[in-house]
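Sequence positions, counted from 1, serve as the residue numbers for this chain. Keep in mind the model is a prediction, meaning the values are calculated, not measured. In listed order, ligands and their atoms are each counted from 1.
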Amino acid sequence: MNGDAALVLFSGGQDSTVCLAWALERYARVETVGFSYGQRHAAELGQRDKLRAGLANLKPEWHQRLGHDHMLELPELGRLSDTALTRDAEIVMTETGLPSTFVPGRNLLFFTYAAALAYRRGMRTLVGGMCETDFSGYPDCRNDTLQTLAKAISLGTDADFIIETPLMWIDKAGTWALAAELGGAALVELIVEDSHTCYLDVRSRRHDWGYGCGHCPACALRAKGWEKWQAAKKS
Ligand code: ZN
């Protein structure tokens, strides 16, 4: 078993891009997995290839370590988040900062699928960009949830799985700072240019912190983190 390999849950958003850089800095072999389920914010998935290529260009060792990309189709998740099954539920932004189409427990499903894939690929470390700090109380982003899940997966596969969440205890300003620490200005620029977080899929409007509508909860969070990081750099 290769303890020096990791599978990163990689959506093409800011958080998972920083996690991928974090993993490339630490593991000899890094593979990525994305989930396609007909999500509304599909723009971020379209950025994955560009980001992977961009990261591989940043450092020779990252180029060497970055391995396969996997895309898993989970159409049932799309059915659960939208359309027929939940037609009567109104689509709104909830106080958690996520659209109401968000599937409860989604990260449990993602990590379980990722573990099945990792198992077959000879990897036991899973990396995800979940964070308690910004989505306070969102239950499937909690450290307790994910560490308990890692235990359940380990028991259920009779293998020692580890779930790493490098962003768990930092805020969005901290995520920008971590990007700068890992890959300098070039990584920050890559994230600004090519990572996508906006729930409304807007890529026609460019801000200092990247592309997006500028108003949805994901844009607001990203912008706020950027401003806080900029202010911290000056002080
Ligand atoms: Zn937006």
Answer yes or no on whether Arg124 is positioned over the face of Tyr119, meaning its NZ or CZ is under 6.0 Å from the six-membered ring centre and within 45° of the axis.
->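 Relative to the ring axis of Tyr119, which defines the angle, Arg124 lies inside both limits.
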Parallel, tilted or perpendicular, as decided by the 30° and 60° cut-offs, for the rings of Tyr113 and Phe35 |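 Geometry flag for Tyr113 against Phe35: perpendicular rings.
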Listed by chain and number, what are the salt bridge (charged side-chain N to carboxylate O under 4.0 Å, His left out) partners of Arg121, not counting sequence neighbours?
->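 Salt bridge (charged side-chain N to carboxylate O under 4.0 Å, His left out) list for Arg121, sorted by chain: Glu31.
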Could I get the full list of salt bridge (charged side-chain N to carboxylate O under 4.0 Å, His left out) partners for Glu25, not counting sequence neighbours?
->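 For Glu25, the residues satisfying salt bridge (charged side-chain N to carboxylate O under 4.0 Å, His left out) (neighbours in sequence not counted) are Lys59.
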CG of Leu146 to CE of Met130: how many Å apart, nearest 0.5 Å?
->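 Output value for this atom pair is 6.5 Å.
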Neighbouring protein N, O or S atoms of the Zn ion (ligand 1) [cut-off: under 2.8 Å, no waters] =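 Metal shell, protein only: Cys198 SG, Cys213 SG, Cys216 SG, Cys219 SG.
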Side-chain donor-acceptor distances from residues 227-235 under 3.5 Å, at least two apart:
residue : atom : partner : partner atom : Å
Lys228  : NZ   : Asp171  : OD2          : 2.4
Ser235  : OG   : Ala232  : O            : 3.1

